[in-house]
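The block underneath contains the structure these notes are about, expressed in structure tokens.
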Amino acid sequence: MRPEMKSCRACGSPVPQSAVLCAKCHNYQDWRYNIGVGQFTLALLTALFSVIGLVVPIIVDTITVKRSDLIGSFVGFRKGRAVFLVQNAGKAPGVIVDGLIVLDQSGGPNGTKLTTGFSLTLEADDQTIIPATSAKTVALTGDGVNPKLIAAAYGVRASDDCTLRLNGRQFDGSPFAVETRSLCVGMINTILYENAQQIYELAKSPPK
């Protein structure tokens, strides 16, 4: 028994009453015919949207200004090393530059403080902090420290404060720093943990 037939809405060819597509012109026979979109056109549109889906993220990533977002914290002292953790929450690399200890000592004019900075040795496998990686351990140590810091250790008073600072730079060149502040006596003694012999020799005749 032949199926009930009807004419194609586009080309007029006979098609089964239940047909969705015309076998001759490939036009839809249901509501999609009114949109005027054929199978070939739909295929082109599908391909176009697929390409757009791939290209748009690349374009957005290209025009987006990349920034680093270095975040750090002071962990504590471990065998003469001041240990910090630094992580990058941005989308561009940042870098650790150096570290220092700043002494705020009494003895300035009219009872003011004398502020002096001394560089410390930076210990890190790689000073670059890459985005989307686990926190990196960075240490500051007194190894090879300026002898004047050792001499200064003998001049600190119980009330003198020190600031331990880890310095870095964001991707755009802006400064980054992690600081911790405490009494100089304990901080310097810890930083100079592995310089005991050097301290002993300099104690005999501290540099001016």
Side-chain angles (χ1 to χ4, degrees), residues 65-108 113-208:
V65 178
K66 292 181 173 59
R67 292 185 175 87
S68 61
D69 184 11
L70 296 182
I71 303 170
S73 62
F74 173 66
V75 177
F77 293 103
R78 296 175 185 170
K79 295 184 178 181
R81 287 161 174 76
V83 180
F84 297 81
L85 284 179
V86 182
Q87 192 167 17
N88 190 345
K91 293 189 175 182
V95 64
I96 300 301
V97 178
D98 58 24
L100 71 159
I101 186 169
V102 180
L103 281 63
D104 293 331
Q105 294 177 281
S106 303
K113 296 275 188 177
L114 295 174
T115 300
T116 311
F118 300 91
S119 296
L120 298 176
T121 302
L122 178 64
E123 290 186 349
D125 296 335
D126 184 358
Q127 292 176 228
T128 303
I129 310 298
I130 303 298
T133 57
S134 57
K136 178 176 291 187
T137 301
V138 180
L140 298 176
T141 176
D143 292 348
V145 75
N146 189 325
K148 291 186 177 181
L149 172 59
I150 297 175
Y154 288 90
V156 297
R157 303 179 185 180
S159 60
D160 290 339
D161 290 326
C162 279
T163 300
L164 186 64
R165 183 185 302 150
L166 179 69
N167 295 317
R169 289 206 173 276
Q170 304 283 6
F171 184 75
D172 62 2
S174 59
F176 159 79
V178 183
E179 294 184 351
T180 182
R181 188 174 178 84
S182 64
L183 293 176
C184 289
V185 176
M187 185 181 289
I188 294 179
N189 286 342
T190 304
I191 286 292
L192 301 178
Y193 174 85
E194 297 182 357
N195 297 77
Q197 183 61 37
Q198 193 177 3
I199 293 173
Y200 174 76
E201 295 297 331
L202 285 166
K204 299 176 182 177
S205 55
K208 302 293 185 181

Return the minimal non-hydrogen interatomic distance between [X] and [Y], and the atom names on each side.
X	Y	value
R165	E179	NE-OE2, 2.6 Å
L140	G99	CD2-CA, 3.6 Å
K136	T128	NZ-O, 2.8 Å
D69	N88	N-OD1, 3.0 Å
S68	P93	CB-O, 3.8 Å
F74	V83	CD1-O, 3.5 Å

More than 12 heavy atoms of other groups within 6.0 Å of R78 CZ: no
Does the side chain of [Y] come within less than 4.5 Å of [X]'s, by heavy atoms?
X	Y	value
V86	L166	yes
F77	M187	yes
R169	P175	yes
V95	F176	no

Ignoring hydrogens and geometry, is there a side-chain-to-backbone donor-acceptor pair from Q170 to L70 under 3.5 Å? yes
Side chain of Q87, backbone of G72: donor and acceptor closer than 3.5 Å? no
To the nearest 0.5 angstrom, please state how far the [atom1] atom of [X] sits from the [atom2] atom of [Y].
X	Y	atom1	atom2	answer
D98	Q127	CG	CD	8.5 Å
R81	T121	CZ	OG1	9.5 Å
T163	I101	OG1	CD1	8.5 Å

